[in-house]
Amino acid sequence: MVVFNFEKASYAQKLLSGRIRISKLDYVPRYIVGLDVSYIKDYGLGVAVAAEFDSLRVVKVASVVDRVEVPYVPGYLAFREAPVLFKVLRKLKLDLRESILMVNGHGITHPRRFGIASHIGVVLDVPSIGVAKRILSGRVVKLDGRSVIVVDNIVGGVVFSRGRHRVYASIGHRVSIDDVVSIVDRCFVGLKPLPYPLYLADKYSRDMARDLKVRLG
DNA sequence: GCGACAG
DNA sequence: ATCTTGTCGC
């Protein structure tokens, strides 16, 4: 049996973090795609929700059930979940050249600056943003009335407060911190604690887990 | 060594 | 993430 090699995974993350491009989004996206995974035992239930960037109207949803081999260890989430998300993105059959990805997890606000949002963004070379419910790496600092996450002396993420909920958004790939702020901000609708595309991906994957359990007894 | 630790 | 009863607050 092959065991996961965390040493090599660390090396890969440090190496690949050098491929992250932090720059202003170079096109107006047509779609924003929310990505999330829930679990039943060793099966990951991945969901992708594509919404129009302007109206946030949902245009496409895809889901996949995939066996996961890698355990969850903080800092190595991508090696567990990214394969599931690559599969569901293939099923989505959407032209990602005109889209941006919103991934449940961190981007560069990661111990080796290569969280799952950056991982997926770099591998597919698609603009991406990470959105996490808890902080993983970096220091939260107040910067002109706004809480931001500083890593390596740059602003890599921003903290959003929705009532008592906190959301930590960060640069994934091919976006600027200003893009992260403006894009995540306009995805909050109503009182939902997560940006809409991610809220739906999260909801649908949980619904899927519940339904599948009923079907299994 | 100790604490912290996305999903 | 998932499991899982009662309980706090609006």
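Labels below follow one simple rule: chain letters A, B, ... track the order of the sequence lines, proteins then strands, and each chain is numbered from 1. For clarity, every value in this text was computed on a predicted model and none was experimentally measured. Quick note: numbers below take in every heavy atom, side chains included, and nothing from hydrogens, waters or symmetry partners.
Formation of a donor-acceptor pair under 3.5 Å by the A/D185 side chain with backbone atoms of A/S182 is not found in this model.
Evaluation of A/Y72 against the base of B/dG7 yields a stacking contact (centre distance < 5.5 Å, interplanar angle < 30°).
Atom CZ of A/R134 is separated from atom C1' of B/dA4 by 11 Å (rounded to the nearest Å). Here the P atom of nucleotide B/dA6 and the CD1 atom of A/I129 are 21 Å apart, to the nearest Å. The distance from atom CG of A/D36 to atom C1' of B/dA6 is 11 Å, rounded to the nearest whole Å. Rounded to an integer number of Å, the gap from A/K213 NZ to C/dC3 C1' is 8 Å. For A/L136 and B/dG7, the CG to C1' distance is 10 Å, given to the nearest whole Å. We find that CD1 of A/I135 is positioned 15 Å from C1' of B/dG7, with the value rounded to whole Å. In this structure, CG of A/D202 is placed 13 Å from C1' of B/dA6, rounded to the nearest angstrom. Spacing between atom CG of A/D211 and atom C1' of C/dT2 amounts to 16 Å, rounded to whole angstrom units.
Taking every side-chain heavy atom of A/R80 into account, B/dG7 is the closest of B/dC5, C/dT2, B/dG7. Checking B/dG7, C/dC3, B/dA6 against the side-chain heavy atoms of A/I116 singles out B/dA6 as nearest. For A/L77, the side-chain atoms get nearest to B/dG7 when compared with the rest of B/dC5, B/dG7, C/dT2. With B/dC5, B/dA6, C/dA1 as the candidates, the nucleotide lying closest to the side chain of A/R206 is C/dA1.
Figure legend: A/R80 and A/Y39 shown as a cation-pi pair, the cationic atom lying under 6.0 angstrom from the six-membered ring centre and within 45 degrees of its axis.
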Verify salt bridge (charged side-chain N to carboxylate O under 4.0 Å, His left out) between A/R113 and A/D152, making sure each step is shown before the conclusion.
CA-CA 9 Å; A/R113 313 297 174 242; A/D152 295 338; 2.8 Å; yes
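Residue A/G130 is classed as having no contact, given no heavy-atom separation below 4.0 Å to the nucleic acid. No contact: A/K41 has no heavy atom under 4.0 Å from any strand. Contacts of A/Y43 with the nucleic acid, taken as non-hydrogen atoms under 4.0 Å apart, are absent.
The pair A/R21-A/D26 meets the salt-bridge criterion, since a charged nitrogen lies less than 4.0 angstrom from a carboxylate oxygen.
Between A/S99 and A/P127, the shortest heavy-atom distance links the atoms O-CD, 3.9 Å.
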